[in-house]
2 protein chains.
Amino acid sequence: MSDTAAVEPIGKRERTKLANRQAILVAARRVFAQLGYEAATVRDIIRGTELASGTFYNYFRSKEEVFEALADDGARRFRPILRHAREHAHSFEDYLRSAFIAYFRFIVEDNSVEGLPIEQRRPHVRLDTPEMMAVYQEVRQGLEDAIAHGDAPRVDADYLACACIGIAQELGSAMLRRSPPDIDTAAAFATGLILKGLEGAPRQS
Amino acid sequence: MSDTAAVEPIGKRERTKLANRQAILVAARRVFAQLGYEAATVRDIIRGTELASGTFYNYFRSKEEVFEALADDGARRFRPILRHAREHAHSFEDYLRSAFIAYFRFIVEDNSVEGLPIEQRRPHVRLDTPEMMAVYQEVRQGLEDAIAHGDAPRVDADYLACACIGIAQELGSAMLRRSPPDIDTAAAFATGLILKGLEGAPRQS
DNA sequence: CCACAATAATGACGTGGCGTCAATTTCTAT
DNA sequence: ATAGAAATTGACGCCACGTCATTATTGTGG
C-alpha cells in the first residue's frame, strides 16, 4: 500500500539535485525582483537558499545562465498555451485574441511578485533562448496556417510574426503600467490592429 | 581676421571636458561592439582612451550610465528627424512611412560598426531615459495630431504609439538579420499594417 | 551490514574589477 | 605672477567572482 507515495522511482541523489536547482531558481526570482537584475549577485542568490556559494556553480555557470533558465522555463510554459489557442480557435480573429490574452495574462502573473519596477528586474541584454525561439516559431506557424487556409492575405510571415511579437511586448508593458492592467482591452486593441492591418500589409511577391 | 577660428568662445577647461566625455563615449561604442555589453568593463572602456581609470568617474557613474548616454545621444539625434517628418508630411501615410524609414535608416547606420552579432552588442533599449521618453512623446504627438485632423480614427493614442514602437523595434531587428537590409520593404510593411490596422483598432470610449 | 567508490557540498582562497581619494597637475582669474 | 579652483591621476581597500582541495553523502558490491 505504501507504493502510492513512491510515485517517482528516482534515488535521493536526483531528487536533491532537482530540489537544489529549483531552490536556486526560486531564490533568483525573488532576488531579481527585490534587488534588480543588474545589482543582484550570485552571492545574493545563493544566500537565499540553504546552499553554500560553491554549490551554485554545480548548477549554473553564472547569474546570466540562471536568468536564461528562468526565461526558458517561462517560454516552455507559454508555448503549449499558444499551441492550444492555435488548435482550438474557431477563427483567425479568435486565434489572435486568445493568443494576445494568453500572453498578457502570462506577463501579469509573471510580474505579480512584489518588488522593483519591472524594467529593473530583467537584464538589459536581449536574449534568445531555444524555448523563446520555439515560441517565435509557434507564432509564425499559426500565422502561416492562417495564410495557407485563406484566412489571411499572403504577407511576409516573418515580418508579421515580428510585428505581432513587438506589439505584444510594447503593448504589454504599457498595460502593466496602467492600474489595474486591463487584459481584455489591450488584447482587443492588438487583435483589431493586426486583423485589419493585414489587409493593408504588402502582399508577398 | 583671426576671430573666424575662435567660433566657440569657451575656455580650455570646457573643451577638454567635452573632448574627454566624447572620447569615453567613442571608446565605449567600440568596446561594446567588440566585447559585448555584458563582458565589457569600465576598465576596458577607459583603456580605449588616453585617460586614467579615476577620470572615468568624473564623467559617468558606471558602465550603465555610459550606455544610457549613448542611447540618449541616439534619441537626441533621432527626434528632430522624426519631428521634421511630422511637420513636412503631405499625408498621414506619408508621415508613417517616412518615420519608419527614418528609424530603419537610423538603426542600419547605428549597427554598421564591425564587431559581435547585434544581439550581444547592446542592452535592451529602455524607454525611460529622458530623450527616449521625448521620442515616445514625439511619436504620440504625431499620432494625436493625425487623430485630431481626422486623418485617423479616435483610438487610444498611448497604445497606438506603443504598437508603432514595438513594430519598429522588432521589424527593425528582423530587417537587420536579412542581408542586405531592405529599408523600403520593411517600412512599406509597417506602414501598410498600421495604416489599415487603425481602422480595426477599438475606438476610444 | 560493511567497506569502498562515486558523486555532490562546502567554504577558504587567489584574482581582478570596482569606486574612492589624497596628491598632483592644469587651467583661470585677478 | 600667483593664488585658488578644478580636473587628472593611480594606488588602495573592498568585495564578488570562480576554483578546488577537503569533507560529507549516497549508491553498490562483497
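In what follows, chains are A, B, ... by sequence order, proteins preceding strands, each numbered from 1. FYI, side chains are in, hydrogens and waters are out, and symmetry mates aren't considered; it's all heavy atoms of this structure.
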If only side-chain N and O atoms count, and only distance matters, is there a donor-acceptor pair under 3.5 Å linking A:Glu64 with A:Ser62?
yes
Is any side-chain N or O of A:Asn20 closer than 4.0 Å to OP1 or OP2 of C:dA9?
yes
Protein proximity profile, nucleotides 9-22 of chain D - base contact B, sugar-phosphate-only contact S, no contact -, cut-off 4.0 Å on heavy atoms:
BBB----SBBB---
So which heavy atom on A:Ala174 is nearest to which on B:Cys162, and how close?
CB-SG, 3.6 Å
Check every strand shown and say whether B:Tyr59 touches a base, only sugar-phosphate, or nothing at a heavy-atom separation below 4.0 Å.
sugar-phosphate
Can you measure B:Lys17 atom NZ to C:dT28 atom C1' for me and round it to whole angstrom units?
14 Å
Tell me yes or no: between the side chains of B:Thr41 and B:Asp44, is some donor less than 3.5 Å from an acceptor?
yes
Between B:Thr16 and B:Tyr59 the two heavy atoms that sit nearest each other are O-OH, 4.3 Å
Are any of the side-chain nitrogens in B:Arg29 or B:Asp110 under 4.0 Å away from the carboxylate oxygens of its partner?
yes
With the sugar-phosphate defined as primed atoms, P, OP1 and OP2, and the base as all remaining atoms, what B/S/- string results for nucleotides 24-30 of chain D, 5' to 3', for protein heavy atoms under 4.0 Å?
-BBS---
Taking every non-hydrogen atom, the tightest pair across A:Leu193 and B:Leu198
CD1-N, 3.9 Å
So does A:Arg97 pair up with A:Glu93, basic N to acidic O under 4.0 Å?
yes
Is there a side-chain contact (heavy atoms from CB on, under 4.5 Å) between A:Phe60 and A:Val42? Walk through the geometry before answering.
CA-CA 10 Å; A:Phe60 301 98; A:Val42 169; over 6 Å; no
